[in-house]
Amino acid sequence: TASVATVNETDTDPTNDSATEATSVVRNVDLEVTKTESLDPVVAGQDQLTYTITVKNFGPSDASGVTIDEALTLPAGVTVNTVTPSTGTTYNATTGVWTIGVLADQGTATLTVLLDVAASTAAGTDVIADTASVATVNETDTDPTNDSATEATSVVRNVDLEVTKTESLDPVVAGQD
């Protein structure tokens, strides 16, 4: 607001001695979810599998109220060993919600999911999967096309069989044994 404070002459119209201009501030963000896997395929009974989920804010504003839905598809024999969120963020194993909260312009947050793949896990193509998606953000996300990522991993089974042979009698006498 700007107003006329003093005038040396007579002001003939004091109704226009003040003006106010309101300016709206818009906060925009561009959250991007990416995901990597430690190896593909995994060997049942031999390997652990690590998924690393990264959320980056391309801005231009800081993001607030950021939560990510983390959904795992695990066949029989695959179990969660640990889920480790980056400093300042939390993960709820019951709901699968990763709470990031505030993510600064150009800032990143990571979630690391370590899975155990038991020897009993059946072989298959892309049978283990992890999908992470932006669930909430308070600001306008200008590019929602990069708000979700899925990584699928195959399982193979390797075996090493050994055959041994024994005999019950050596030498054998013809006609007697």
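This is a predicted model, so every value here is computed, not measured. We use all heavy atoms of the structure for the numbers below, so side chains are in, but hydrogens, waters and symmetry mates are not.
- Between the Ser154 side chain and the Asp126 main chain, a donor and an acceptor come within less than 3.5 Å of each other.
- Side chains of Leu74 and Val80 form a contact here, defined as non-hydrogen atoms less than 4.5 Å apart.
- Residues Leu39 and Val113 fall within the same hydrophobic cluster, defined by Ile, Leu, Val, Met, Phe, Trp and Tyr side chains chained together at heavy-atom separations under 4.5 Å.
- Residue Val127 is not grouped with residue Val43 when hydrophobic side chains (ILVMFWY) are merged at heavy-atom distances under 4.5 angstrom, including chains of intermediate members.
- Looking only at distances, a side-chain donor or acceptor of Asp62 sits under 3.5 Å from a matching main-chain atom of Asp105.
- Looking at residues two or more places apart in sequence or on another chain, you find a side chain to side chain contact (heavy atoms under 4.5 Å, CB included) between Asp69 and Val97, Ala135.
- The minimum heavy-atom distance linking Thr142 with Asn28 is given by the pair CG2-CB, 3.7 Å.
- Between Tyr91 and Gly96, the closest heavy-atom pair is OH-CA, 3.5 Å.
- Val134 places a side-chain heavy atom less than 4.5 Å from the side chain of Ile68.
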**Item:** Candidate pair Thr153 and Val42, rule side chain to side chain contact (heavy atoms under 4.5 Å, CB included), full reasoning
**Value:** CA-CA 7 Å; Thr153 307; Val42 294; 4.1 Å; yes
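- Between Leu111 and Thr89 the shortest side-chain heavy-atom distance does not fall below 4.5 Å.
- Within the 4.5 Å cutoff, the side chain of Lys56 has no heavy atoms near those of the Thr34 side chain.
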**Worked check of side chain to side chain contact (heavy atoms under 4.5 Å, CB included) between Asn146 and Asp30** = CA-CA 8 Å; Asn146 60 0; Asp30 177 15; 3.3 Å; yes
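- With hydrogens and angles ignored, the 3.5 Å screen pairs no side-chain donor or acceptor of Ser148 with any backbone N or O of Ser133.
- Looking at heavy atoms from C-beta onward, Val117 lies out of side-chain contact with Asp47 at the 4.5 angstrom threshold.
- In this structure, Leu103 and Ala109 approach most closely via the heavy-atom pair CD1-N, 4.1 Å.
- In this structure, a donor-acceptor pair under 3.5 Å is present between the side chains of Thr136 and Thr67.
- Checked against Lys35 for a side-chain hydrogen bond (donor to acceptor under 3.5 Å, both in side chains), the options Thr131, Asp130, Thr150, Thr52 give a single hit: Asp130.
- Across all their heavy atoms, Ile53 and Val33 have their closest contact at CG2-CG1, 4.1 Å.
- For the pair Glu37 (side chain) and Tyr51 (backbone), a donor-acceptor distance under 3.5 Å is absent.
- Leu72 and Trp98 fall within the same hydrophobic cluster, where Ile, Leu, Val, Met, Phe, Trp and Tyr residues are linked whenever their side-chain heavy atoms come under 4.5 Å apart, directly or through other members.
- Judged by distance alone, the side chain of Thr121 and the main-chain N or O of Ala44 form no donor-acceptor pair under 3.5 Å.
- There is a side-chain donor-acceptor pair under 3.5 Å between Ser64 and Asn138.
- Between Asp116 atom CG and Thr79 atom OG1 the span is 4.5 Å, to the nearest 0.5 Å.
- One finds the CG atom of Asp40 at 9.0 Å from the OG1 atom of Thr125 (value rounded to the nearest 0.5 Å).
- Contacts of Ser61 classified as side chain to side chain contact (heavy atoms under 4.5 Å, CB included), with partners at least two apart in sequence or in another chain: Arg27, Val29.
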